[in-house]
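Comments concern the structure below.
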Number of protein chains: 2
Amino acid sequence: MSNLELPVLDQDDAAACCSPMVREPLGEEAAVDLARMFKALSDPVRLRLLSLIASHEGGEACVCDLTGPFDVSQPTISHHLKVLREAGLVDSERRGTWVYYWVLPTALARLSSLLQAPAAAR
Amino acid sequence: MSNLELPVLDQDDAAACCSPMVREPLGEEAAVDLARMFKALSDPVRLRLLSLIASHEGGEACVCDLTGPFDVSQPTISHHLKVLREAGLVDSERRGTWVYYWVLPTALARLSSLLQAPAAAR
DNA sequence: CGACTGTATCGACAGCCGTCGAATCAAGGA
DNA sequence: TCCTTGATTCGACGGCTGTCGATACAGTCG
């Protein structure tokens, strides 16, 4: 079958959390909350950072692995990582000299299920 | 033919278009393009507008249906609709006196599949 | 035509955001 | 202890963004 045994989060579980926004109008506070997360994704550098972290071996990456691929300064990278962390999309931990970042899959799944387009609707 | 060709789209097709960003690092231009769409979603008013349009009966809504639920002025709503349209998330058409907006499901599906998270195995 | 309603554009303004270099903090090694 | 490397914080600056009121445009109806 076409399904790789790659561990992809069960889409139904994710949908159980937040049904697609195309189904019913978003509440006011929910919109504020979600907009905060989308804003964290609204910068090319942050999108690539998130992608780099998630696809890094072990699912986590040291900051030192993240500064290389970009044309911006290291403080700027640090700033973007902070934005992603405060949006609840990643978390980090210091281990000795280095600081490691990893993606919080639940947050991504929440946004993903929210954006699910109307299937064979109506 | 039934011009009511509802853009029904298969979730698998959408996934075939853009594999999750947690699988492999995002390219630079792809990140710029995607960030533009996420930026359009990074405002609470626009999120609610999108949700209102998509969940409206018939899958489309007149601007006159959209100004009521918000505390902002009509020009501001018009501005947000323009942002959504230029991001490729909605399209619009004038019919007589009124202008109707509808969601482009392919765009939402693209973002949704991009954000599909890996299982929270760790 | 002229008045009226619905929608978009314009110009302005305040606040936010991405970026930088400099300074600071944290940990490890001589 | 001092020096070095990794990472964050600070302060500043230019540009972008959300909002408004005023104005302009598009149709419809008398």
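It should be emphasised that the depicted structure is a prediction, and the values quoted were computed from it without experimental measurement.
- Within residues 68-84 of chain A, the residues approaching DNA chain C are A:D71, A:V72, A:S73, A:P75, A:T76, A:H79, A:H80, by heavy-atom distance under 4.0 Å.
- A cation-pi arrangement is not found for B:R94 relative to B:Y100, the charged atom failing to lie both closer than 6.0 Å to the ring centre and inside a 45° cone about the ring normal.
- No side-chain donor-acceptor contact under 3.5 Å links A:S78 to the backbone of A:P75.
- The backbone N or O of A:M21 sits less than 3.5 Å from a side-chain atom of B:S51, completing a donor-acceptor pair.
- Using a 4.0 Å cut-off on heavy atoms, the residues of residues 41-50 of chain B that approach DNA chain D are B:D43, B:R46, listed by number.
- To the nearest 0.5 Å, atom CG of residue B:L81 and atom CG of residue B:L50 are 10.0 Å apart.
- The distance from atom CZ of A:R94 to atom C1' of C:dA26 is 5 Å, rounded to the nearest whole Å.
- Between B:R95 atom CZ and C:dG6 atom P the separation is 17 Å, expressed in whole Å.
- Using a 4.0 Å cut-off between charged side-chain N and carboxylate O, A:D43 and B:R36 make no salt bridge.
- Closest to the side chain of B:Y101, from the set D:dG6, D:dA26, C:dA8, is C:dA8.
- What separates CD of A:E93 from C1' of D:dT8 is a distance of 17 Å, to the nearest Å.
- A distance-only check finds no donor-acceptor pair linking the side chain of A:S112 to the backbone of A:L108 [under 3.5 Å].
- Checking C:dC17, D:dG6, D:dG27 against every side-chain atom of A:K39, the shortest atom distance belongs to C:dC17.
- Note: OH (B:Y100) to C1' (C:dA8) measures 17 Å, nearest angstrom.
- For the pair B:D33 and B:R110, the minimum side-chain heavy-atom distance is below 4.5 Å.
- Side-chain atoms of A:R85 never come within 3.5 Å of backbone atoms of A:D91 as a donor-acceptor pair (strictly under, hydrogens ignored).
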